[in-house]
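For reference, the structure is listed below as structure tokens.
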Amino acid sequence: MAEYNARTVEGKWQAYWSENKIFEASEDCKKPKFYVLDMFPYPSGAGLHLGHALAYTASDIYARYMYHRGYNVLHPMGYDSFGLPAEQYAVQTGQHPAVTTERNIKRYRAQLDRMGFSLDWSREIRTSSPSYYKWTQWIFIQLFNSWYNVAADRAEPIEGLIRRFEAGGNQAVRAACDEGVPLFSALDWKAFSDVEKQELLLKYRLAYRAQTKVNWCPGLGTVLAHDEVVNGVSARGGFPVIRKEMMQWNLRITAYAQRLLDDLEDLDWPEPVKDMQTHWIGRSAGARVRFDVLDSQGAIEVFTTRPDTIFGVTFLVLAPEHEAVASIAIPEYAQAVETYKAHSAQRRAGSQNPTGQFTGAYAVHPFTQARIPIWIADYVLASYGTAAVMAVPGGDQRDWDFAAHFGLPIKNIFSGVDISKGAYSDPNHTCMAQSEFLNGLTPREAARRVVAELERLQLGGARVNFRLRDAAFSRQRYWGEPFPVYYKNGLPQLIDAAHLPLALPDVDAYTPTETGEPPLGRAGVWAWDTRGRKVVSNDRIDGKTVFPLARDTMPGWAGSAWYFNRYMDARNEGEWAAQKALNYWRDVDLYIGGIEHATGHLLYSRFWQKFLCDRGWAPVSEYARKLVNQGMVWGMSAFVFRIVGTRTFVSKNLAGAYKTTPLHVDISLVNASQELDLEGFRKWRPEYADAEFILEDGKYITDRVLEKMSKSKYNVVNPDDIIERYSADTLRLYAMFLGPLTQSKPWDTAGIKGVHSFLKKLWRLYHRGGALSLSAERADGVELKILHQTTQKVGYAIEHFTFNTGVSALMIAVNELQALRCDKREILAPLSILLSPYAPHMAEELWHEMGHSESIAHVEFPSFDPELLVSDSHEYPILFNGKLRFKMRFAADTPQRDMEVAVLGAEKTSRYLTGKTPKKIIVVPGKIINVVY
RNA sequence: GCCCGGGUGGCGGAACUGGUAGACGCGCUGGACUCAAAAUCCAGUUCUGGCAACGGAAUGCGGGUUCGAUUCCCGCCCCGGGUACCA
């Protein structure tokens, strides 16, 4: 080959890897396993973007490195292919989402192949394929058929709960369940009707239906999860989102709150992700306190983290939505309360002035029996704690602000603290005052006393509260997993697991029905299993017993909450995954993906894994040991300046003299020195065909700004174009060379030249006159040192996820070897193995050119000899007046110039040590620096 | 407000447990090769004073510890991300 032809070479080895199944993993292997996982992509119409290319290159480098280190690597890929964009496209075009999804997947696959990733495609999965969502439906069935046994701290089969109810009712059962389940005995249970039993069980199941406040997006006609809502609008589409009460499927993730929190500790995950999950779960320990309502049967229960401040309570505040508001408000205030409730429906967080309304009712202080006014105010959230707080203006700033605004009393319950300007909320450095039996105690001691007292009086007790809510699991969409459920008397009934998957029906349109039902409401009889057997009848059939099927589908995160397990045994028809495979691969050793999933996918998937582990299907309760978040890739945008009202464009540094409009210009028309390609610009768009330019130094200089990549900014860089113009190896190297993996960084294609010429330079090192040319001569010390240093640096870089320094190390090695005109096989053969994770195509080509017949991918990574790196360095004793003061270390080959620098350093040091300027500094070359006065 | 992460040349970024700050690459300058261009190679490139030798300053700002600080400690400023009346 005359010169390196990336296109031919890369295509050749991609085919070779695929045909020879180089990266297909097997469970029958004596090597230690290593599971490298990427967050699988949603196959969008826009194709694979640079962010994918970056993250997938990083995991690929790691995977290939682990192959070289002798591991049995599992490195799979698939598609998170259910989702809204395909459905919206279907709404617009009438095209079945399966069709567009298939088309997009083909494109993604082609792009992924072109990158040269070491993926095991025999394990490919698609969440929207029936052979996959069969098992998502199966897991849903298991969730429905499980309850959470708090005493055992794990999920258990619902049959066990039924047996307990039969034996002793629910009094002795400690379960994670709905609030306010009435107590019943075994006799009661037996007397309940079937419907009553089912209704009760629903309050215990891990998948349950309930009226739920949800984020309803009228624009999309569906419910959204918290992470699908950004600043009050939908993340996809940007439609407004409102709160609405609906009958929804929910998953009882709150049962796992404590475990989700506790197990974070042992995970090797980025701190920001752990922090975000910790905050999301939001554990706070405190107490519940019951305040009886004066002249009423009712009582208000509050949650507080500061039971020690109970004697500072001067009023209670309920959320406007609190269920007791209507019943306690006394008639004179009823109207005002209603008005305030209506007003607060459009509450905004962080408003300046507190708002609220007195209900006219009073509560009784549990210890002092004082009358405590009850207010409603929107600073109290309906969705947290008991939706009621005991206000302690002396100890809580929000309460203080509220009290100050409405003229309510502020009581000081701390000694030696000034609360005239604001509350004192620090539980340290003070003790209690004006607090009866708490006086003189520290807040911490006082809290313990109060809790004990509340328990004794049966007015409350210690309580842990979580911010985490149960997960809404219904979406009013078409393109998602259908629930394997039909309804009988309004109660959900499972479709037998033998009939899974319950396939998605065809519909005539993908919009909600005229009656406001989700798109599935349009389907005729659709409950078929894959063998074409009708499973249940649909409510549109006349003359027979009819059971309506579930009309909603599961949310986007359902399929991604367990997919990492399916890769272990992706083709299994009879099980979600075989125990043998699960026990072999167990968990993901390295998971790479974006931080945007921190409180969505990464939390839900931990929850499902714990559930699957509890029920004995999964061998581990955490599925990803190590997580790495890649940084975002920003786009570099370019601007030209058009003089207002003309077709004249003025160069950046002259633009100040004119009145101009900055306009985005396609970044590909700008070179590395920010110069605009004038001809290209004129051709770019017809309206610029006759553009005039005012140049500086004969050039048109553009302005550059870092922005998110977007079509409208003409700064989108497509990986395909880079591969086309340079090569996949170049793209891989440059993506890594940009900067640290975890850091957000700009993509500036201008700089790609450097890594591209590195590859060409490397190629020339191995070739002469177009043919492979390597010398069999033994390497000398200098050459060996270069090789061993590079080996150390490249290995270190990969292991520490500082891939950019690995690229630098390779570049330095090539520069040095080129300067030495080194063409020795002894050096270049191992060098190609070092190159292999980064630029696998060229490495494979070199390897085969050198006469090897096996793939370089499985060749052992070279080891380095630490002696070679440090053996010829010496410690130089630095003497002052003959006395040893310290040692300096230099390599033996330190040049004279550098030694002089050291001497200079010794001189300065001597001034510090003795205050004297030395008369003489003696350097014994390679031995001693002696300073004499 | 609170919680993370980060401030180093014209730019992306190096610097292992404190030890020659600016590796590597882009860009820029000069040179070689070419009719020319591309490609390639060589040299230079933190700022500043100086023809030069050589000197001064510099890792967001101000202090501190140390013979020595990008690195450790204290106080501030700025940027990015997350979160927000969570009782």
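Each chain gets a letter, A, B and so on, in the order the sequences are listed, and its residues count up from 1.
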Quiz item: For A:E179, which residues count as a side chain to side chain contact (heavy atoms under 4.5 Å, CB included) partner, sequence neighbours excluded?
Solution: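 Listed in chain order: A:R288, A:R463.
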Quiz item: Reading nucleotides 39-45 of chain B from the 5' end, what letters show protein touch, with B for base, S for backbone sugar-phosphate only, - for no heavy atom under 4.0 Å?
Solution: SSSS---
When the [atom1] atoms of [N] and [M] are considered, how many whole Å apart are they?
N: B:C16; M: B:G10; atom1: C1'; result: 29 Å
N: B:A32; M: B:G22; atom1: C1'; result: 29 Å
N: B:C61; M: B:C3; atom1: P; result: 25 Å
N: B:A53; M: B:G44; atom1: P; result: 14 Å
N: B:C47; M: B:A23; atom1: P; result: 12 Å
N: B:C77; M: B:G62; atom1: C1'; result: 10 Å
N: B:U8; M: B:G30; atom1: C1'; result: 28 Å
N: B:C74; M: B:C4; atom1: P; result: 14 Å

Under 3.5 Å side-chain donor-acceptor pair for [X] and [Y]:
X: A:Y796; Y: A:T791; answer: no
X: A:N629; Y: A:T742; answer: no
X: A:T278; Y: A:W280; answer: no
X: A:D399; Y: A:Y379; answer: yes
X: A:E707; Y: A:S637; answer: yes
X: A:R283; Y: A:Q258; answer: yes
X: A:K708; Y: A:N715; answer: no

Self-check item: Sub-4.5 Å side-chain heavy-atom contact between A:E675 and A:T702
Solution: no
Which pair of heavy atoms, one from [X] and one from [Y], lies closest together, and at what distance?
X: A:I376; Y: A:V317; value: C-CG1, 4.1 Å
X: A:V451; Y: A:G461; value: CG1-C, 4.2 Å
X: A:L817; Y: A:L765; value: CB-CD2, 4.0 Å

Quiz item: On RNA chain B, nearest-nucleotide positions of A:W634 versus A:S383: which is more 5'?
Solution: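 Closest to the 5' end, via its nearest nucleotide, is A:W634.
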Self-check item: Main-chain N/O of A:F311 paired to A:S435 side chain as donor or acceptor, under 3.5 Å
Solution: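 Judged by distance alone, no pair lies under 3.5 Å.
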Quiz item: Taking A:S744 for the side chain and A:M632 for the main chain, is one N or O donor matched with an acceptor at less than 3.5 Å?
Solution: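 Checking the backbone N and O of A:M632 against the side chain of A:S744, a donor-acceptor pair under 3.5 Å is found.
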Contact class for [X] (heavy atom, under 4.0 Å): base, sugar-phosphate, or nothing?
X: A:N804; result: sugar-phosphate
X: A:S284; result: sugar-phosphate
X: A:D401; result: nothing

Interatomic distance, [X] [atom1] vs [N] [atom2] [rounded to whole Å]:
X: A:I595; N: B:U83; atom1: CD1; atom2: C1'; value: 12 Å
X: A:M390; N: B:A87; atom1: CE; atom2: C1'; value: 9 Å
X: A:K793; N: B:A23; atom1: NZ; atom2: C1'; value: 8 Å
X: A:W747; N: B:G13; atom1: CH2; atom2: C1'; value: 15 Å
X: A:F758; N: B:C26; atom1: CZ; atom2: P; value: 13 Å
X: A:H322; N: B:A87; atom1: NE2; atom2: P; value: 17 Å
X: A:F303; N: B:A87; atom1: CZ; atom2: P; value: 7 Å
X: A:H756; N: B:C24; atom1: NE2; atom2: P; value: 21 Å

Could you run down the sub-3.5 Å N/O contacts of the protein with nucleotides 1-12 of chain B?
| from | atom 1 | to | atom 2 | distance (Å) |
| --- | --- | --- | --- | --- |
| B:G12 | O2' | A:L738 | O | 2.6 |

Self-check item: Nucleotide-level pairing of RNA chain B, given in dot-bracket where Watson-Crick and G-U pairs need both distances under 3.5 Å and | marks other strands
Solution: (((((((..(((......[....)))((((((.......))))))((((....))))..(((((..]....))))))))))))....
Can I get a per-line list of side-chain donor-acceptor pairs under 3.5 Å for residues 729-739 of chain A, giving both atom names and the distance, sequence neighbours left out?
| from | atom 1 | to | atom 2 | distance (Å) |
| --- | --- | --- | --- | --- |
| A:D729 | OD1 | A:H841 | N | 3.4 |
| A:D729 | OD1 | A:H841 | ND1 | 2.8 |
| A:D729 | OD2 | A:M842 | N | 2.9 |
| A:T730 | OG1 | A:S727 | OG | 2.6 |
| A:R732 | NE | A:Y838 | O | 3.0 |
| A:R732 | NH1 | A:D60 | OD2 | 2.9 |
| A:R732 | NH1 | A:M115 | O | 3.1 |
| A:R732 | NH1 | A:G116 | O | 3.3 |
| A:R732 | NH2 | A:D60 | OD2 | 2.8 |
| A:R732 | NH2 | A:P837 | O | 2.8 |
| A:Y734 | OH | A:D748 | O | 2.6 |

Self-check item: Out of B:A15, B:C85, B:G13, whichever nucleotide has its closest atom nearest the side chain of A:P740
Solution: B:G13
Quiz item: How would you label the glycosidic angle of B:G18: syn (within 90° of 0) or anti?
Solution: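 Anti conformation for B:G18.
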Self-check item: Within residues 463-471 of chain A: residues closer than 4.0 Å to RNA chain B (heavy atoms)
Solution: A:R467
Self-check item: Check: A:H767 ring centre within less than 6.0 Å of A:Y4 ring centre
Solution: no
